[in-house]
Protein chains: 2
Amino acid sequence: MTAFIGEYNCKLDEKGRLSIPSKLRGQFPEAACNILIVNRGFEKCLVLYTKEDWLDETAKLNAVDDFMSPDIRRFKRIFTNGANLVQIDNVQRVLIPKKLLEYAGLKSEVVLVANGNKIEIWDEDLYTSELNVDSTELSQLAQLFHKERNQGK
Amino acid sequence: MTAFIGEYNCKLDEKGRLSIPSKLRGQFPEAACNILIVNRGFEKCLVLYTKEDWLDETAKLNAVDDFMSPDIRRFKRIFTNGANLVQIDNVQRVLIPKKLLEYAGLKSEVVLVANGNKIEIWDEDLYTSELNVDSTELSQLAQLFHKERNQGK
DNA sequence: GAAAATTGTGGGAAATTATGGGAAATTGAG
DNA sequence: CTCAATTTCCCATAATTTCCCACAATTTTC
């Protein structure tokens with residue numbers, strides 16, 4: 001599984017093309033791996049996966065039989081909603097589908113944020129306010145995280 | 001088994017023809033594979049299978065003995081009854097039978113959604129509301145998924 | 001600090017894909 | 001058997017996407 005690192009500011013051109021900074025590009029497993037999957041994030045952002053990691057994620061979903069229940073089917077749909085294949089062109093850009101640009105409110109200035117095996121794509125301004133947190137809230141969040149992590153076990 | 005990726009907006013023309021986006025078409029196992037099966041979905045949508053995967057599905061059904069119960073027989077009958085062979089024409093379109101269009105409430109704007117080895121076909125508006133979920137419901141669904149996945153084993 | 005190499009940005013042309021319409025073929029009813 | 005209706009097949013145009021080239025900007029090297 002890939003583990004991306006870093007945070008990168010970049011630009012979308014008016015055709016909706018996002019050029020991937022070479023430092024990030026270098027982190028992809030294979031030079032040959034030039035197909036990515038973009039998806040809507042739970043927040044107002046997009047998420048990039050390598051094809052391999054996307055297939056791993058969805059394999060977990062697909063292992064569960066659709067006959068089982070309507071809720072299972074619904075969950076699968078919600079989880080995979082918006083997925084799009086994109087190809088990296090020969091100058092390291094991907095064309096982001098218009099629908100997804102709208103969803104995430106992406107205009108020109110965007111931020112790519114590594115998050116495990118995923119890369120989040122945020123509008124710069126939204127990202128700034130998402131990160132805008134004071135120390136009280138941060139420690140509340142940490143407590144919550146700790147609690148829920150242990151519940152999950 | 002095929003694993004399709006992506007969500008695609010497309011249009012039905014007034015003859016009921018659905019053109020398959022090239023990105024999706026490229027995911028079919030063989031260029032020669034130009035016969036698909038459309039069936040009713042459990043929700044108000046349709047489901048596309050490759051011929052091969054459809055045969056797998058029906059094999060699973062037929063593995064269950066008809067002697068077992070009337071409900072088994074009834075389910076098999078109803079499930080199989082909606083299935084239709086459709087052929088991909090030379091510009092990558094399939095003609096969806098009118099009965100199925102009605103069943104899924106398909107008008108002009110539709111969405112094709114990859115779901116494992118199947119492709120779901122939704123009316124755009126219905127699909128949007130299917131995906132419209134608040135965070136409380138989402139976490140309930142996630143829990144349910146987690147639970148049922150483990151039950152299924 | 002200047003030159004070279006790499007990377008980022010923009011735009012245009014070519015190829016591919018989508019879409020609509022019409023003609024030919026097939027089917028079914030009378 | 002004939003006519004009407006539907007279906008299949010094919011072609012033309014519109015729209016989109018992909019590919020390519022040129023230049024700008026940044027980084028690296030000497």
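Side chains included, hydrogens not; waters and symmetry mates left out as well; all remaining heavy atoms used.
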Closest nucleotide among [options] to the [X] side chain:
X: K15(A); options: dG10(C), dG11(C), dC20(D); value: dG11(C)
X: S22(A); options: dT8(D), dG10(C), dT7(C); value: dT7(C)
X: R93(B); options: dC11(D), dT18(D), dG8(C); value: dC11(D)
X: K11(B); options: dT19(C), dT18(D), dT7(D); value: dT19(C)

Rounded distance in Å - [atom1] ([X]) to [atom2] ([N]):
X: I88(A); N: dT17(D); atom1: CD1; atom2: C1'; value: 17 Å
X: Q92(A); N: dT9(C); atom1: CD; atom2: C1'; value: 14 Å
X: L95(A); N: dT18(D); atom1: CG; atom2: C1'; value: 9 Å
X: L24(A); N: dT7(C); atom1: CG; atom2: C1'; value: 14 Å
X: N90(A); N: dG8(C); atom1: CG; atom2: C1'; value: 13 Å
X: I20(A); N: dG8(C); atom1: CD1; atom2: P; value: 10 Å
X: D89(A); N: dT7(C); atom1: CG; atom2: C1'; value: 13 Å
X: D13(A); N: dA22(D); atom1: CG; atom2: P; value: 19 Å

K76(A) and D66(A) ion-paired at < 4.0 Å:
yes

Describe the nucleic acid contact of [X] in one word from base, sugar-phosphate, nothing, applying a heavy-atom distance below 4.0 Å.
X: L18(A); value: nothing
X: L12(B); value: nothing
X: E14(B); value: sugar-phosphate

E7(B) and its salt bridge (charged side-chain N to carboxylate O under 4.0 Å, His left out) partner, picked from K99(A), R40(A), R77(A):
R40(A)

Between dG11(C) and R17(A), counting only base atoms on the nucleotide and side-chain atoms on the residue, is there a donor-acceptor pair under 3.5 Å?
yes

Kindly say whether, by distance alone, the side chain of R25(A) makes a donor-acceptor pair under 3.5 Å with the base of dG8(C)?
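Absent.
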
Distance-only side-chain donor-acceptor flag, [X] / [Y], under 3.5 Å:
X: E109(A); Y: N9(A); value: no
X: D53(A); Y: T50(A); value: yes
X: Y127(A); Y: E120(A); value: no

side-chain N/O S19(B) vs dT19(C) OP1/OP2, d < 4.0 Å:
yes

